Amino acid sequence: MIDLAIPDKTHDEERQGEALMLEPVVGKNNGRKLYIESYGCAMNFSDSEIVASILQDSGFETTKDFNNADVVFINTCSIRENAEVRVRNRLKEFKAAKTSNPGMIVGVLGCMAERLKSKFLEEEKLVDVVVGPDAYRDLPNLIDTVDGGQKAVNVLLSREETYADINPVRLNTNGINAFVSIMRGCDNMCSFCVVPFTRGRERSREPLSIVKECTDLFNAGYREVTLLGQNVDSYKYKAESPEPEVLNQDVKTTTFANLLEMVAQISPELRVRFSTSHPKDILDDVLYTIAKYDNICNYIHLPVQSGNSRVLELMNRTYDREWYMERVDAIRRIIPDCAISTDIITGFCTETEEEHQETLSMMDYVQYDFAYMFMYSERPGTLAAKRYADDIPEEVKARRLKEVIAKQQHYSHVNTQREVGKVQRVLIEGFSKKSDKDYAGRSDKNAMVIFPVDERYKPGQYANVLVERCTTATLIGHIVD
Ligand code: SAH
Ligand code: SF4
Ligand code: F3S
């Protein structure tokens, strides 16, 4: 898998193997040390913060060194085969630590746990506990079971669990950007995708708990929230009326456009981002809401997957090439200066050379700011694995991917060059990776912007930056008053 310009941290496989740190709390596991490492998409990283919160409440503190840990958790991803291979290799590295410390508990969490269930215990002897994404509240009990000498598995999926009441522990944070889960699961059944099987049915989190979490973040100094869901446009929460006598009144349904507005109204100083938008569900109400609020960023991640209607139908994406182009036209019309990024899969079952050309011509049409590009990887149990042969040779998939990447590199550069000479409102996130003489932050359209430190400005503040030049993915400039 190859990622080009990385616009944010909302994407699978971009962030890998980060260890999370907790403050100790008094509890029954007091003094025990937890090491937790996360793979996959932002939702998995967000879940690790929920896991950390649950375990903090039972007394765990964390370590950044798995060799010192009493409990080692790996929160896993199944999206493509190489994501799973990476986790298996990491487990091998934990083996030596467990050999020298036989009391160490090794747990597999997340999507791979859900996909493989108790098979994990047979296949990987060092694993003691397997826990799916909806069962994290059960972790303290499962650890008890392992302490009692047994292996433990809980991979039950839920139709209700949203962890709405759990206040995630923000770990390894810059104190400025945070992820907030607004829904879980996915009902779309794209034929290539394992997520509906690993994350279960779609459910939306109660909106006031989301607004409260974002307000608390703002009050703690955070200045940007990214609302997360596999398909945020299908967010829908129907308030249940507690009083029988008011049942006849309108029961309020909160849509994604309503929710965006509620979060945007917390403060004009709080930036709002969201991911992922589904082309079939992103309607004009959401676009008008983005246009209405300056603090809702002009940036939409709109995965196309393929530019050809026959392939889209085989993928069960439920839109065609024309529908997708019309949605892009609507974005351009309603939000004139909006960045658009995408996901593309090359070499899906039966994809012809002409169909691949249509993906390339879609890229010419949209001129994406960023793209995440992948070769098709067949996943066991998915509709595509059951119905269609994975018949495009690896070298053809790879060559098509190369062509897609080359085109994206071209448009990433074209788009960054368009920003040169303009003033960008940048949220300062900290020093640049290369030098503490420079600040780094992102523009409204999610481009990375680098500029010399100005003592009057601190991380967490906004600055107007005049862009003087650019690389493929970065804008370089200086603060103007
Ligand atoms: N919910 C998001 C995507 C989540 S998965 C959406 O619907 O767009 C992130 C990306 O991984 C997908 O957009 C797709 O491009 C890619 N992906 C998913 N399954 C894949 C597979 N089997 N092989 C290759 N890429 C895949
Ligand atoms: Fe997977 Fe499709 Fe759901 Fe995205 S919308 S998570 S690609 S099934
Ligand atoms: Fe995310 Fe990977 Fe699961 S992309 S939802 S962690 S399969």
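The first residue of the sequence shown is numbered 1, and numbering continues consecutively from there. Model, not experiment: these values are computed from the prediction. When a ligand or atom number is given, it counts from 1 through the structure's own listing order.
Contact annotation: Val195 has no heavy atom less than 4.0 Å from any atom of ligand 1. Not a single heavy atom of Met43 sits under 4.0 Å from any atom of ligand 3.
The aromatic rings of Tyr319 and His278 sit perpendicular, their planes meeting at an angle over 60°, well past the 30° parallel limit.
Of all atoms in ligand 3, listed by their number and element, those nearer than 4.0 Å to a heavy atom of Cys111 are 3 (Fe), 5 (S), 6 (S), 7 (S). The Cys77 neighbourhood of ligand 3 comprises atoms 2 (Fe), 4 (S), 6 (S), 7 (S), with distances under 4.0 Å to a heavy atom of that residue. If you number the atoms of ligand 1 from 1 as listed, the ones under 4.0 Å from a heavy atom of Pro303 come out as 8 (O). Of all the atoms in ligand 2, the ones that sit under 4.0 Å from a non-hydrogen atom of Phe192 are 7 (S). For ligand 3 and Ser78, the ligand atoms under 4.0 Å from any heavy atom of the residue are 2 (Fe), 7 (S). Near Asn44, meaning under 4.0 Å from one of its heavy atoms, ligand 3 places the atoms 6 (S). The Arg379 neighbourhood of ligand 1 comprises atoms 22 (N), with distances under 4.0 Å to a heavy atom of that residue. Short contacts between ligand 2 and Arg317, defined as distances under 4.0 Å to a heavy atom of the residue, involve ligand atoms 2 (Fe), 7 (S). Contact atoms of ligand 1 toward Arg80: 11 (O), 16 (C), 17 (N), 23 (N), 24 (C), 25 (N), 26 (C) (distance under 4.0 Å to a heavy atom of the residue).
If you look at Gln230 next to ligand 3, the close heavy atoms, those under 4.0 Å, all belong to the side chain. Counting heavy atoms closer than 4.0 Å to ligand 3, residue Cys41 contributes atoms from both its backbone and its side chain. Contact annotation: for Asn231 versus ligand 1, there are no heavy atoms closer than 4.0 Å. At a heavy-atom cutoff of 4.0 Å, ligand 1 is contacted by both the backbone and the side chain of Phe192.
Taking any N or O of His278, backbone or side chain, none lies under 3.5 Å from an N or O belonging to ligand 1.
With atom 24 (C) of ligand 1 as the reference point, the heavy atom nearest to it among Met375, Glu378, Met315 is part of Met375. Compare Lys397, Met373, Arg317, His301 by their heavy atoms: the one nearest to atom 6 (C) of ligand 1 is in Arg317.
A ring pair (Phe, Tyr, Trp, His ring centres under 6.0 Å) with His301 holds for exactly one of Phe370, Tyr372, Phe274; it is Tyr372. Tested against Lys280, the residues Asp233, Thr318, Asn188 include a single side chain to side chain donor-acceptor pair (under 3.5 Å) partner, Asn188.
Residues Trp323 and Asp320 approach most closely at N-OD1, 2.9 Å, considering heavy atoms. In terms of heavy-atom proximity, Val108 sits nearest to Ala113 at O-CB, 3.4 Å. Summarising the geometry of Leu314 relative to Cys349, their closest heavy-atom pair is CD1-O, 3.8 Å, with the distance given to 0.1 Å.
With salt bridges taken as basic N to acidic carboxylate O contacts below 4.0 Å, none links Arg184 and Glu202. In this structure, Glu403 does not pair ionically with Arg400, as no charged nitrogen and carboxylate oxygen lie closer than 4.0 Å.
Ser341 and Tyr299 share a donor-acceptor pair across their side chains, judged by distance under 3.5 Å alone. Side-chain contact, Ser58 with Asn29: a donor N or O sits under 3.5 Å from an acceptor N or O. Side-chain polar atoms of Glu326 and Tyr324 form no donor-acceptor pair below 3.5 angstrom. Under the 3.5 Å distance criterion, with hydrogens and angles disregarded, a donor-acceptor pair is assigned to the side chains of Asn177 and Glu224.
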Test log, rule salt bridge (Lys or Arg N to Asp or Glu O under 4.0 Å), inputs Arg88 and Glu84 = CA-CA 6 Å; Arg88 300 267 191 187; Glu84 293 201 353; 5.2 Å; no
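Atom NZ of Lys407 has more than 12 neighbouring heavy atoms from other residues, nucleotides or ligands inside a 6.0 Å radius.
Here the protein contributes Cys186 SG as N, O or S atoms under 2.8 Å from atom 3 (Fe) of ligand 2.
Under the 3.5 Å distance criterion, the side-chain polar atoms of Arg203 are left unmatched by any main-chain donor or acceptor of Thr162.
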